[in-house]
Amino acid sequence: MRDDEKQQSLLKDVRVIVFILAILGSIIFIHPWYTSDEGFTTNLNYGLDLEGGSWLQLKLQGAVAQLDADSGLLVKEIVNINLAEDITIASTDEGEDEVTVTFTSASVLTNNQMDQLGVGQTTISRSNNVTQVVLHSTKETLISTYLGDTLKTEVIPTLISDGVEYEIRTAITQEELEALMEKVGGSIVTDINGNPVYKEGVTTETRDLTKEILSDKLNSLGLKDIPVKTVGDDYILIDFAGVDLATAKNIAEKPGKFEIRIITQGNESKHVLYGDEIESVSIVGYQEDSGSWYVPFTLTDEGAQALQEIAIETGATQDPMSHNLVMYLDENEVYSAPLSYSAAAKLEQAPIYSWQASTGADEDSKTRAEELQIHLRAGALPVNVELMGSGHVDAALGQQFKTQAVIAGMIALLAVAFVVFRKYNKPAILIPMVSTSISEVIMILGFAAAIGWQLDLASIAGIIAAIGTGIDHLVIITDEVLYEGKLPPRKVYLSRITKAFGIIFAASATTIIAMSPLVIMGFGSLKGFAITTIVGVLIGILIARPVYGKVIHEVLAAGSEAEAE
């Protein structure tokens, strides 16, 4: 009867209830199962080391610099590159926010040609066989366009505290950039120490965008969860568990199929253009006038003309609200909206090269605009990437690693059990101590299964480290609770158990702090080791070890009563 009462009181303890629920929940998430066809299966997600497959290490190519140049020479080069026209600069007026450049040409220049340059508003007049163009632009736009047209890449200007920073999304050395700027009377800006403000690499925003595009593209294929990790600002690591190296390279390099169609009648639509007719996609912007987020993009000459012809042919220019432009990525609709009345009216007269896809005004609209920016790229990356390394882990070798990892864990557990038994020589202490360690492993695996976390060799090492840390803490609890080999009086017990948990919390905090840099800085697979260790420590100190303290008290109390009888 007394035993029944003790068991009932133990099960009513909140810590024990939480512990049992955590174990049951973990088993549900892990979902161990056996079938004759597939053998033993679980919901655990294994990484490259344990599943086999391939990995790629990519370097992001680009440069970030502060630049200056002569506005007139910039315009001269831009017109020459795009229109093959040699113009004469008549005057240049560089204001604080705007640049006005007036130039002349013996050729006939049209508004469409100026729009195609995409550098600003122009006023064109012609007299005495001379065309005069007055261009209103900004220094940032001219430098970005000049470099973008010359290098055939995107150049993103960003306003920073000490000027404007230009991100050039292709590989270019400092010497090559200096040579380009000299052609337009410019140079790389120097800092207060006289050093050029230039660095190889990309901005954090571009690195994260590249990672997001890769992750979105790779995981939309439905192969399995493919982790895309960043290392510093310039490197990306991708693990293709279960995928051979040739397939991995093909998946990473192949863009999606992007298509724009126009609604003709009802649900019927007509093809307008494919993604290769989109020349460039800029960063997401916000229109103050309309209060909406938008994604700017530019069509090629063929794309712009195709859109104009089909818009007129389908009647979209006359009734734009009945003829949505619908965008598809891999045959999935990603955007649909009618033409604006102003765009429809302009298409009646000429092709439109620069477009803006608006998504709305709220924060969700901003998110949709960022997603659309990725879709418009059709999986193409914002910067060039260089394959710095690759490798392959054979599936059989992965299975061997998995088996060896399980064996290593069991050996570690048995070794710990042997040492504990030698120390205390009491099965009554050994069983709850080993059971607590096993329960912590189950909860760590349950957590991994719940969030779809990939387990690799580093994660297994983290679990084994968590076992070792946990046993250390259980020994501390046991040593503090034992007083001359038996349970001390209640007052002494409470004092000692409080002291034990004080030591454990301090040691756990130290471990978590020590592992945090690995998590934040993301040193490849070491990040998995650090996360596993931290999760194991938190599960131990918050769920398992308090229950062990309760259980070991009951075990020692029962032993003391048995000796007294």
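In this chain, residues are counted from 1 in sequence order.
- A distance of 9.5 Å separates CD1 of I312 from CG of L307, quoted to the nearest 0.5 Å.
- Counting heavy atoms from C-beta outward, R169 and V202 have side chains that stay 4.5 Å or more apart.
- Among all heavy-atom pairs drawn from V272 and A306, the shortest one is O-CB, 3.8 Å.
- Judged by distance alone, with hydrogens and angles left aside, the side-chain atoms of Q308 form a donor-acceptor pair with the main-chain N or O of L347 at under 3.5 Å.
- The line from CD of Q318 to NE2 of H323 is 9.5 Å long, rounded to the nearest 0.5 Å.
- Y146 pairs in a side-chain contact (heavy atoms from CB on, under 4.5 Å) with only one of the listed residues (V75, L74, V155, V119), which is L74.
- Inter-residue side-chain proximity for L135 and L117 is flagged as unmet; no heavy-atom pair is nearer than 4.5 Å.
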Problem - Audit row: W355, V295, side chain to side chain contact (heavy atoms under 4.5 Å, CB included) steps and yes/no - result: CA-CA 8 Å; W355 287 84; V295 184; over 6 Å; no
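- When all heavy atoms are compared, the tightest approach of I263 to S322 is CG2-O, 4.1 Å.
- D68 is listed as a side-chain neighbour of K139, based on a closest heavy-atom distance under 4.5 Å.
- Between Y274 and H271, the ring planes are tilted. Angles from 30° to 60° get that label.
- Counted by atom type alone, E348 and T317 present one or more donor-acceptor pairs between their side chains at under 3.5 Å.
- Here the CG atom belonging to L180 is positioned 12.0 Å from the CD1 atom belonging to I143, to the nearest 0.5 angstrom.
- Considering every non-hydrogen atom in both A449 and N43, the closest pair reads CB-O, 4.4 Å.
- The two atoms that bring P546 and G540 nearest to each other are CD-O, 3.7 Å, heavy atoms only.
- In this structure, F505 CZ and T510 OG1 are separated by 13.0 Å, a value rounded to the nearest 0.5 Å.
- In this structure, E94 places its CD atom where more than 12 heavy-atom neighbours from other residues, nucleotides or ligands lie under 6.0 Å away.
- No hydrogens or angles considered: a donor-acceptor pair under 3.5 Å links the side chains of S365 and D362.
- Atom CD in E440 sits 9.0 Å away from atom CD1 in I23 (nearest 0.5 Å).
- Residues I156 and E205 form no side-chain contact, since every pair of their non-hydrogen atoms from C-beta on lies 4.5 Å or further apart.
- For the residue pair T300/E277, the side-chain donor-acceptor check at 3.5 Å is satisfied.
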Problem - Criterion side chain to side chain donor-acceptor pair (under 3.5 Å) on T359 and R368, from CA distance to verdict - result: CA-CA 7 Å; T359 56; R368 288 198 299 275; 5.3 Å; no
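- With hydrogens and angles ignored, the 3.5 Å screen pairs a side-chain donor or acceptor of E176 with a backbone N or O of T173.
- For the pair Y166 and I188, the minimum side-chain heavy-atom distance is 4.5 Å or more.
- Atom CD of Q349 sits in a sparse spot, with 12 or fewer heavy atoms from other residues, nucleotides or ligands closer than 6.0 Å.
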Problem - Verdict with supporting geometry, I168 and L147, side chain to side chain contact (heavy atoms under 4.5 Å, CB included) - result: CA-CA 8 Å; I168 304 166; L147 290 176; 4.1 Å; yes
Handout entry: Verdict with reasoning, M515 to V537, per side chain to side chain contact (heavy atoms under 4.5 Å, CB included)
Key = CA-CA 11 Å; M515 291 292 168; V537 169; over 6 Å; no
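- Remark: side-chain polar atoms of Y294 are not paired, donor with acceptor, to backbone N or O of Q356 under 3.5 angstrom.
- If you take CD1 on I352 and CD on Q305, they are separated by 13.0 Å, rounding to the nearest 0.5 Å.
- When side chains are defined from C-beta on, L325 counts as touching I262, because their heavy atoms get closer than 4.5 Å.
- Closest approach of L372 and A357 over heavy atoms only: CD2-CB, 3.6 Å.
- Considering only heavy atoms from C-beta on, E167 stays 4.5 Å or farther from T158 through its side chain.
- Contact annotation: the side chain of V99 never approaches that of T141 to less than 4.5 Å [non-hydrogen atoms, C-beta and beyond].
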Practice task
Tell me, with the steps shown, if I124 and T110 meet side chain to side chain contact (heavy atoms under 4.5 Å, CB included).
Solution key: CA-CA 7 Å; I124 302 176; T110 66; 5.6 Å; no
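- Between A369 and W293, the shortest heavy-atom contact is CB-CB, 4.2 Å.
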